[in-house]
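Counting convention: from 1, in listed order, for ligands and their atoms alike.
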Amino acid sequence: MCGIVGYVGRQNAVSIILEGLKRLEYRGYDSAGVCLEKGRRLEVVKKAGRVDNLAKELGRRRFTATTGIGHTRWATHGAVTDANAHPHVSSDGKFALIHNGVIENYAQMKAFLTGKGYTFKSETDTEVLCNLIAYHYAKEPARAKGRNRFMESIRKTLHHVEGTYGIAVLCVDHPGEIVGARKASPLILGVGTDEYILASDASALVSRTQNVVYLKDGEIVHLTPKRFSITTLDQADVSPVVNQLTWSVADSDKGRHAHFMEKEIFEQPAALENAMRGRFSADGSTALFGGLNISPGEFREMERFMFCACGTAWHACLVTEHLIERFARVPVEVDYASEFRYRNSPLDPRTLFFVMSQSGETIDTLAALREAKRKGFRVMAVNNVVGSSIAREADGGIYQHVGPEVGVASTKAFTSQLLIGAMIALYVARMRDMSYSDGVEYVNALKGAPELVRQALKQAPKIKAIAKRYAQYHDMLFLGRLSLFPLALEGALKLKEISYVHAEGYPAAEMKHGPIALVSEKCPSVFFAPKSEIFNKIVSSMQEIKARKGPIIAIATADAPLPDDLADEVIRIPECHEAVLPIVAAIPVQLLSYYIALERGCDVDKPRNLAKSVTVE
Ligand code: F6R
């Protein structure tokens, strides 16, 4: 949800900001813009559309500057136009501001500022914020001189703001300086040699430095090429902790792949290996988690688990629920984070609370975490981005360790969440009734998952050919049972988000209670058909579809005895342990939606209306 980047230093800010914006573009791609310092002037160039449009414009104008800010937008307030693109400049021309987040009380502030003679060129909440800074700056000349006046006006403004923000601000009176601040929107400072880069995430700065400071909510950072300082909104000094990034720029490159999504799909065997490395006990019968910050004894006392997440991560929670209940026999509840935060649901005191989030910045998941903590629960996070807000605020957690996921459609993060969910189920089960030998069998199955995923990926050419035949359909059903019902939801979500094909996921037997009305020769169904004790029931559901002329794509394990001529297409996946099945079953639906999107000419890595990290409510 919007990417921001700011640079102060001795190098050409234009190319550094543009490179940062290209790497942040997955956060939003409605428009892009920069503001560069040119002597005592602020030069703004901004355009609706992709960063490439902006780059062309900047190339034509041959800008140079050593201080600047840039933004890539996911529209909230106001349509996708040049005028609504960031940066926004205050009506007195003194300030330029970029913003990620939502200012909830902007309408009142706008009315107030309009009464004071301020004017507005856009429909955005951001321009209001920028003018409020100008207002406070104009009011403060005598009391706060020099650099502090810049900081003070921002501090004052932020005290009046309701909502969320990650901002970077330039001021004509303070050349070579940037002020940044955050509340519930991510902001990270890259500490280089005689240069600093402020960005929404590390991908925008990792090519210049691996030393970073994760800013916290309520902190304001002041940058010049020589130094930085961090204070709180209440003016307390903050001693910064400089962390080392553990990944390099190559991790966020597409390499030989056409799209990040393709790269991330094919990276999954290695990603799973990384996610499980060092996480099994020496006797090979259970999982080990270093960062839970809760003793095995306390964990053992928990009588329920609650999982909250959004989107694909929510699907991973549903699979985890199935595995914990199946193997550990402990009740689990799963809720959408966005619902949980307002539902005020009754929770048993001996509940261990988990949130799952690849980015660690999803605002609803973060809010669910905070709500659970407010109620006195300990909250564990399953999270991929080190140092994210969720990672910092949770009481303990498990990192996914799969490297940056750039493709907007989650793939490797999803399968690693499934893997970690399966490991949590094992950990809980081994504390209860699961035998040592069943534990060893389970661990060996998990260790074999990367190889099984490798085998499933070999079906790519076949799936590509199927995608060609099915790309023109407008509707599709995804049907699965038990641990593969959430995979049906995930398959439908993947197809919807990158191919714009209407798709629905259902438990296969529920299909009779409504969705079967959609079935015709124009609506194919994708069936998960693993060999299991309910295999015959799945076959019956397939027969019901076939009787109504619905085309069928079956995703069946190698040992599943599918009757001849029942399915129009059969994609075989290796037979596997129940805990690994959802991970392996994810591969064909990821590939199917990817290839269908390509056939339909969709922009796979930048699907319309979406952004990778949803930092607004
Ligand atoms: C879909 C997708 C989203 C995310 C959701 C949560 O492919 O990526 O549904 O899963 O926005 O994101 P995180 O995991 O970052 O909290």
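Between Asn383 and Ser388, the side chains place a donor N or O and an acceptor N or O closer than 3.5 Å (distance only, hydrogens not considered). Using a 3.5 Å distance cut-off with no hydrogens or angles, the side chains of Ser410 and Glu405 do pair a donor with an acceptor. Judged purely by distance below 3.5 Å, without hydrogens or angles, the side chains of Glu599 and Tyr470 never pair a donor atom with an acceptor atom. Between the side chains of Arg182 and Ser389, at least one donor N or O sits under 3.5 Å from an acceptor N or O. A donor-acceptor pair shorter than 3.5 Å can be found between the side chains of His99 and Thr126. Between the side chains of Thr411 and Gln268, no donor-acceptor pair of N or O atoms lies under 3.5 Å.
Here the protein heavy atom with the shortest distance to atom 12 (O) of ligand 1 is Thr362 OG1, 3.4 Å. The shortest contact between atom 11 (O) of ligand 1 and any protein heavy atom is with Val614 CG2, 4.0 Å. The protein non-hydrogen atom at the shortest distance from atom 14 (O) of ligand 1 is Gln358 N, 2.6 Å. For atom 5 (C) of ligand 1, the closest non-hydrogen atom on the protein side is Cys310 O, 3.6 Å. Ranking the protein heavy atoms by distance from atom 3 (C) of ligand 1 puts Thr312 N, 4.0 Å first.
Under a 4.0 Å criterion applied to the non-hydrogen atoms of Ala409, ligand 1 contributes the atoms 7 (O). Counting the atoms of ligand 1 from 1 in the order shown, those under 4.0 Å from a heavy atom of Val408 are 7 (O), 8 (O). Below 4.0 Å from some heavy atom of Ala313 lie the following atoms of ligand 1, by number and element: 10 (O), 14 (O). Applying the 4.0 Å criterion to heavy atoms of Glu497 picks out, from ligand 1, the atoms 1 (C), 7 (O). Those atoms of ligand 1 with a heavy atom of Ser357 less than 4.0 angstrom away are 13 (P), 14 (O), 15 (O), 16 (O).
Ring-plane geometry between Phe299 and Tyr427 is classed as perpendicular, the angle between the planes exceeding 60 degrees on a 0 to 90 degree scale with a lower cut at 30.
Contact check on Asp217 versus Arg370 returns a salt bridge, with a Lys/Arg side-chain nitrogen under 4.0 Å from an Asp/Glu carboxylate oxygen.
Checking only distances, Gln417 never comes within under 3.5 Å of ligand 1, N or O to N or O.
Evaluated by nearest non-hydrogen atom to atom 8 (O) of ligand 1, the leading choice among Ser410, Ser359, Pro607 is Ser410.
Proximity of Asn384 to ligand 1 is not established, as no heavy-atom distance is less than 4.0 Å.
At least one side-chain heavy atom of Leu487 sits less than 4.5 Å from a side-chain heavy atom of Phe414.
Neither the backbone nor the side chain of Glu361 comes within 4.0 Å of ligand 1, counting heavy atoms alone.
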